[in-house]
Amino acid sequence: MTDTVSKARFDEKFEPGQADPRWQSAWEKARTFEADSNSDKPKSFVLEMFPYPSGRIHMGHVRNYTMGDVLARYKKMRGFEVLHPMGWDAFGMPAENAAMEQGVHPGGWTRQNIEAMKAQLKRIGFALDWSRELATCEPEYYGHEQSLFIDLYEAGLVYRRQATVNWDPVDMTVLANEQVIDGKGWRSGAEVEKRKLDQWFLKITDFADDLLDGLGPLDGWPDKVRLMQENWIGKSTGLEFSFDVSNGGKLPVYSTRPDTIYGASFVAVAADHPIAQELAETDPKARAFCDDCKRGGTTAAEIEAGEKKGFQTQLTARHPFTGEALPVFIANFVLMDYGTGAVMGVPGHDQRDFEFATKYDLPILRVVAGDPADADKPFGNEAEAGDGVIVNSDMLNGMSVEDAKAKVIGRAEAEAWGNGTTVWRLRDWGVSRQRYWGTPIPFIHCDECGVVPVPKDQLPVVLPEDVDFKQPGNPLLRHSTWKHTSCPKCGADAQRETDTLDTFVDSSWYFLRFASQPSDRPFDPEEVAKWLPVEQYIGGIEHAILHLLYARFWTRALKHIGQIDFAEPFASLFTQGMVTHELYSRRDDDDGRQTYFTPAEVNRSGEAATLKTDGQPVDIGRVVKMSKSKKNVVDPDAILAEFGADSARWFMLSDSPPERDLPWSVAGIEGCHRFVQRVWRLCGAVDVDASGENKDLARKTHQTIAAVAQDIEALSFNKAVARLYELTAAAEKAAPSTSRNHAIVTLLQLVSPMIPHLAEEAWDLLAPALGHSGLIADAPWPAVDEALLVEDEVTIAIQHMGKLRDTVTAPKGADKETLEALALSSEKVQRSIDGKEIRKVIVVPDRLVNIVA
RNA sequence: GCGGGUGUGGCGGAAUGGUAGACGCCGGGGACUUAAAAUCCCCUGAUCCUAUAGAUCGUGCGAGUUCGAGUCUCGCCACCCGCACCA
């Protein structure tokens, strides 16, 4: 190093407190990360799921955005024009909760949070294009959403119908599922009722087939997510037919297992099925049962996990084949929303039916067996839902499940008492929310004209600012003037819709708005065509179904009405794991309750942990997802202040594979900080006077360039990190040479997407000595010398009966005979063979020799 | 309950069916120092052992396929995520 000033700087510690803001403002000033729509480079749209502005960035965000950031910076180095934007999923319940609890306005609270979180994100040095920032709670965003909603309405994809909500009779308000705890309202503690309201729906079921078919080609998505969506859409083919009921009526049922029709021993209908409702009017007991079913939450999990209960009516249904009279029940586990709201109960081959039949002592018949000889085999403790051969079923005996299904459907159709039909588990998307802090649904209710869309030139329908949350219920509903308006059609007095849209609507098109933000329309189709689809989308696995399915639907719906020309918004998807931390707690002696402590309140050393305030031990619990309620959270700001952005970023990428959980630890971040300083010191070892080459180090350097590129493209950051540690160690150990200088500056380029502040600082200091200029963020990815990737020698494992006995080195590409001879000449191997007859020798070139003896 | 996933040293993890434990953390030993911090070097799966050598066991549990299984197949167990008004 000829420049002694720079050399001296590397002898001092790297100071993130000074370097981080310096380079952050350098990037901002140079507009380094602003995407240029007019660029002729190939484009790359890297997107992480935008955050809800809860107030503070948490470690999960840091992890999510660091991954996207590394990819975005890497893509830029590889010559792509990168779009990497950020916005705010800014509508939602927490703002209303804050309003109720702290008396602040949801808007003020949200906007303040956005400012605070934006500042936090900037301190981490993310390569974001802030010029495209958006917040869904601003009329400049949701006004366009209203316009799109009206477009979908006019295309016939929006409709209204009655649907059930959780109603809190004390707070007089609709509750979200998470606000219902053990069937009671979270604030009032009152028993929650199911109540029907007129609500808005989107016809996602129109696209069920297309959403399903679209999954196949989405090979950039994890198989598990595609499978989850497939199961969620839940296409099934089965038989719909009607039972003749003893009261002279018909009862349509749907079954996915018509092959088991001979095993039917009862029929069950949902509590809100017309038959049940009719009965409830005359029979007080039936009514009591139906009312009982209305209590408790509306979630599928509660209904299906709960006890199977039924009420036996006096009705019977005639079996279409045997003519037997089957009892008709009202049952709490039958869903009105699926199929016809009525099922034939086959206890032997459906677990829910099995539990129900056991409870009500109904016959459990075997109609499927593993083997025809097992036709009379008794059942164990559960139903047998698997494959097998049909038994005890007259004309179906001996058939496979598949064939029997076809035969029953064929016969039903031929005899005209039933039809083979396709049924979907997917239901239409209910988007009505009886809340203030959301996008107002842009419709007007007129006594004369009915439901009328707000004319587009009157959009946006803006939320009123003057609302209070002192009373329960929807502030829009009781606002003195807001909802009163006139009908756009006839001019008569009319009322605004007071429901707002589900926030999943906001997140179903924000990626389009990032491409361009015209004020007169939701997006510019040309810009959207240029940037979309998103090359890489990154977010939590918890969004595997709802958000991702809704966004896929919305994109299809916009294509359907001709506004865009593609159906899939996200070419590749990556679902990252959570950030976890161990729990610190004490059990309270008096009431046995657990009191939790934050990691900041605890001194952690070795196996023990003590509370800072009293020095007494606390219990160390399991490692679980960071959550406010368990207090096992670490504040990113505190970490940035102590270690700087680069150490935090490096930690997020190290060790744990990105799709798995990442356990936070102080020791871990300290280790990362040491590495950052190590790279800094190593940069001081650049010596422009050095001469001579080091082939091993040069090979290692080029192998690392290739491997790290591969790892980043696969988002295997932990593997890239391991490679970079190896190159660092190799460069440290090597004597000065031109190869070493090259190794160090290459290392700097390779780590620059991960620890960009240090990389810029060192790059800048090395500039006079090495002759480069500009920002490292603008520098290209180093070139690989392919010739240097190949090793001359390889280590061959020698096994006897599959067990390792020795290793030898051999020239790469040695032939089988050479390797076999080499293996047999090994003393250790001979000792192991011990004179036994060699029956076979397996040789895997450049790998191993296995002697079977 | 249904659907999806995960399981490898003290810890996080690596490993196209081919040398299990790369890399990092923790821990132990040493160097440097008046001392400490920082830094550097060495060791670090378990058991046995005649101990620089060698042997056996070992990837949640139980079977199986294979010359060879962390990896493939079947059956279990534990934990995590989602279940339509949390985002």
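Note that the structure is a prediction, hence the values are computed from the model and not measured.
For the pair A:Lys803 and B:rC57, the criterion of a side-chain N or O lying under 4.0 Å from OP1 or OP2 is met. Note on A:Ser665: every side-chain N or O is 4.0 Å or more away from OP1 and OP2 of B:rC25. Residue A:Arg352 places none of its side-chain N or O atoms closer than 4.0 Å to OP1 or OP2 of B:rG1. For A:Arg622, a side-chain nitrogen or oxygen approaches OP1 or OP2 of B:rC80 to under 4.0 Å.
Residues passing the salt bridge (Lys or Arg N to Asp or Glu O under 4.0 Å) test with A:Asp182: none are found, sequence neighbours excluded. Residues passing the ring pair (Phe, Tyr, Trp, His ring centres under 6.0 Å) test with A:Tyr338: none are found, sequence neighbours excluded.
The residues A:Asp846 and A:Lys812 are annotated as salt-bridged, a charged nitrogen and a carboxylate oxygen being separated by less than 4.0 angstrom.
A distance of about 13 Å separates the C1' atoms of B:rG82 and B:rA87, rounded to the whole Å. Taking the C1' atoms as reference points, B:rC72 lies 47 Å from B:rG30, given to the whole Å. Annotation: B:rC25 and B:rA31 have their C1' atoms spaced 23 Å apart (nearest Å).
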Could you run down the sub-3.5 Å N/O contacts of the protein with nucleotides 12-17 of chain B?
residue : atom : partner  : partner atom : Å
B:rG12  : O2'  : A:Ser656 : OG           : 2.6
B:rG12  : N2   : A:Asp655 : OD1          : 3.1
B:rG13  : OP1  : A:Arg660 : NH1          : 3.4
B:rA14  : OP1  : A:Asn718 : ND2          : 3.2
B:rA15  : OP1  : A:Lys719 : NZ           : 2.8

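Of the residues in residues 228-236 of chain A, those lying under 4.0 Å from RNA chain B by heavy-atom distance are A:Met228, A:Asn231, A:Trp232.
Both A:Glu726 and A:Asp428 lie close to RNA chain B; mapped to their nearest nucleotides by heavy-atom distance, the more 5′-ward contact belongs to A:Glu726.
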For this session: Any chance you could list the contact pattern along nucleotides 36-55 of chain B? Use B for base contacts, S for sugar-phosphate-only contacts and - for none, protein heavy atoms under 4.0 Å, 5' to 3'.
Result: ---SS-------------SS

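Relative to the ring axis of A:Trp221, A:Arg226 does not place its NZ or CZ within 45° and under 6.0 Å from the centre.
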Exercise. Starting at the 5' end of RNA chain B, what dot-bracket string do you get if Watson-Crick and G-U pairs under 3.5 Å are bracketed, crossing pairs use [ ], other-strand pairs use | and unpaired bases use dots?
Worked result: (((((((..(((.....[....))).(((((.......))))).((((.....))))..(((((..]....))))))))))))....

